[in-house]
Amino acid sequence: MRACSRGPSRLTTQADARGDRAGIMAAAQSVQALASSLGALPPEFVWPEHEQPRATTFRGAAPPQIPVVDMSSPDAGRRMAEAAAEWGIFQVVGHGVPAEAVAELQRVGREFFALPLEEKQRYAMDPAEGRTEGYGSTLRRRGLEGKKAWADFLFHNVAPPAAVNHAAWPVNPRGYREANEAYCGHMQRLTRELFELLSTELGLEVGAMAEAFGGDDVVLLQKINFYPPCPQPELALGLAPHTDLSTLTVLLPNEVQGLQVFKDGHWYNVEYVPGGLIIHIGDQIEIMSNGRYKAVLHRTTVSREKTRMSWPVFVEPPPEHVVGPHPQLVTDEFPAKYKAKKFNDYKYCKINKLPQ
């Protein structure tokens, strides 16, 4: 009697699949490369249920929307201040950044991430080797609760000149440096205007906020976040929940939904506004304002079919600059809520999850 021929058992098939995924994970050097090779999300990218977008995103009718402020309006400062106090985030239109400068910044960013991995790796960051700017991936990092985020990135300082290391700037694609330098000039002007409006709404001198953060020595760091299509986006996060270390962040998104903010116990989607820039209030403005303005808790979700990209500019004090509550905002009724601290020390404590 001939023995029946049996296919591989279910356990064997699962083990083979795990082995295949492990091999792919070991070979991949970026989330972008990993995304093109997987049909299911590896366990290290599956966030706990209480963090998963499918379980925590607000699904009710007519969710509240973050304010959109026209900077050409006479009440722009008041509306920004209200949003900074209630939400910690707002969008601006009428900001004066030319559409051509935005389009060119996005073009060179998209073209950089379309380069072969070997070309991108020429700019790989390596803190152990002293390269703290450049190209990187969350693939080699674990975040909250030991889970990984679904993103690659490129970042480098763009101002002031003394803080810029052009070795971290890609040579390809064509026009990368020119596009970033042009956009940086617009960000410097916009940052000054935002600082002035937010400062006067606190009852301070127009230049008080800029001075509190280092004046002309303020550092601008340009980043590109790249979130490739994800096989199970309902289980994953592009970036874990966090507030920004910066004074403020000016974020340019593409049209793919992804940014979410936390307010009143819910995660809300931030709707895409064509031509708009998203302004995040960061930790340093919350400290300087003695809590009048609040740093926004936010995270990023990802898409099954589409690539999401964003171009945040982080506006930071110089490393040795001390930031604390502004003296005019500290009274017997409103004592200081935060310690004055060098920005470098604050950054070290936050990154290493140490008490401030």
Side-chain angles (χ1 to χ4, degrees), residues 84 88-89 95 97 101 105 109 123 125-127 130-136 153-170 176-199 207-225 239 242-252 277-289 293 295-296 298 310-324 326 338 340-352 356:
I89 190 171
H95 44 65
V97 181
L105 183 80
Y123 306 98
M125 60 180 296
D126 187 349
R131 298 193 299 274
T132 56
E133 302 173 51
Y135 172 70
F153 52 83
L154 173 71
F155 71 95
H156 50 72
N157 291 339
V158 289
V164 173
N165 172 21
H166 284 122
W169 294 38
Y176 182 90
R177 178 169 173 173
E178 293 80 1
N180 277 264
E181 288 177 342
Y183 188 74
C184 172
H186 296 296
M187 290 298 100
Q188 289 175 308
R189 187 265 309 161
L190 178 60
T191 294
R192 287 193 298 270
E193 293 181 10
L194 292 168
F195 280 167
E196 289 172 0
L197 290 167
L198 291 170
S199 186
M209 186 171 284
E211 181 181 353
F213 298 135
D216 292 339
D217 294 326
V218 70
V219 176
L220 271 64
L221 187 155
Q222 175 73 66
K223 187 178 182 186
I224 310 174
N225 292 314
L239 284 178
H242 66 287
T243 60
D244 290 342
L245 285 160
S246 55
T247 64
L248 55 78
T249 302
V250 182
L251 183 129
L252 168 66
L277 295 170
I278 303 171
I279 311 301
H280 297 65
I281 299 299
D283 295 348
Q284 305 310 306
I285 282 185
E286 179 172 321
I287 292 167
M288 180 268 181
S289 70
Y293 300 145
V296 62
H298 57 287
S310 66
W311 289 258
V313 173
F314 300 95
V315 182
E316 300 179 345
E320 297 299 311
H321 191 78
V322 176
V323 177
H326 195 281
Y338 312 90
K341 185 175 289 189
K342 290 181 180 179
F343 178 66
N344 229 17
D345 293 340
Y346 181 90
K347 185 175 183 179
Y348 178 85
C349 290
K350 182 158 184 176
I351 290 173
N352 292 283
Q356 291 289 353

Is there a side-chain contact between P312 and N225, using heavy atoms and a 4.5 Å cut-off?
yes
Going by heavy atoms in the side chains, are I285 and F213 under 4.5 Å from each other?
yes
Apply salt bridge (Lys or Arg N to Asp or Glu O under 4.0 Å) to E196 and R192, showing your working.
CA-CA 6 Å; E196 289 172 0; R192 287 193 298 270; 5.8 Å; no
Derivation of the side-chain contact (heavy atoms from CB on, under 4.5 Å) call for D244 and D283:
CA-CA 6 Å; D244 290 342; D283 295 348; 5.9 Å; no
Where Y183 and V313 come nearest, the two heavy atoms and their spacing:
CE2-CG2, 3.9 Å
Can you tell me if D216 has over 12 outside heavy atoms packed within less than 6.0 Å of its CG?
no
Between E181 and R177, does at least one N-O distance fall below 4.0 Å, as a salt bridge requires?
yes
Determine whether L248 and H280 make a side-chain contact, defined as any pair of heavy atoms from C-beta on separated by less than 4.5 Å.
no
Test side-chain contact (heavy atoms from CB on, under 4.5 Å) on I279 and L194 and set out the steps.
CA-CA 9 Å; I279 311 301; L194 292 168; 3.9 Å; yes
Does one side chain, of K350 or Q356, offer a donor that lies under 3.5 Å from an acceptor on the other?
no
Rounded to the nearest 0.5 Å, the NE2 atom of H326 sits from the OG atom of S199 at a distance of 7.0 Å
Under 3.5 Å, is there a donor-acceptor pair between the side chain of N157 and the main chain of A159?
no
Could you walk me through whether E320 and N344 pass the side-chain contact (heavy atoms from CB on, under 4.5 Å) test, one step at a time?
CA-CA 6 Å; E320 297 299 311; N344 229 17; 4.0 Å; yes
Heavy-atom nearest pair, Y293 first then A84, reads CD2-CB, 3.5 Å
With K223 as the cation and F153 as the aromatic partner, state whether NZ or CZ is under 6.0 Å from the six-membered ring centre and within 45° of the axis.
yes
Take I281 and L198, measure what side-chain contact (heavy atoms from CB on, under 4.5 Å) needs, and give me the verdict at the end.
CA-CA 11 Å; I281 299 299; L198 291 170; 4.2 Å; yes
With rounding to the nearest 0.5 Å, note down the distance linking CG in L251 to CG in L277.
8.5 Å
Minimum side-chain heavy-atom gap P161-V164 below 4.5 Å:
no
Please round to the nearest 0.5 Å and tell me the distance separating atom CD of E133 and atom CZ of F155.
6.5 Å
Might you point out which heavy atoms bring G214 and P318 nearest each other, and give the distance in Å?
CA-CD, 4.1 Å
Is the shortest heavy-atom distance from the side chain of K342 to the side chain of P319 under 4.5 Å?
no
Do K341 and V323 have side chains that approach each other closer than 4.5 Å (heavy atoms only, starting at C-beta)?
no
Any chance you could measure L154, atom CG, to W311, atom CH2, to the nearest 0.5 Å?
11.5 Å
Contact summary for M187 and L220, nearest pair of heavy atoms
CB-CD2, 3.8 Å
Value rounded to 0.5 Å, distance of OG1 in T247 from CD in E316:
8.0 Å
Looking at SG of C184 and CG of N180, how far apart are the two atoms once the value is rounded to the nearest 0.5 Å?
8.5 Å
For R189 against V97, the heavy-atom pair lying closest together:
NH2-N, 3.6 Å
Y346 vs L245 side-chain heavy atoms within contact, under 4.5 Å:
yes
Here the pair of heavy atoms bringing A212 nearest to H321 is O-NE2, 2.8 Å
Heavy-atom side-chain contact between V296 and T243 under 4.5 Å
no
Just to verify, what does Y176 make a ring-ring contact (aromatic ring centres under 6.0 Å, His included) with, not counting sequence neighbours?
H156
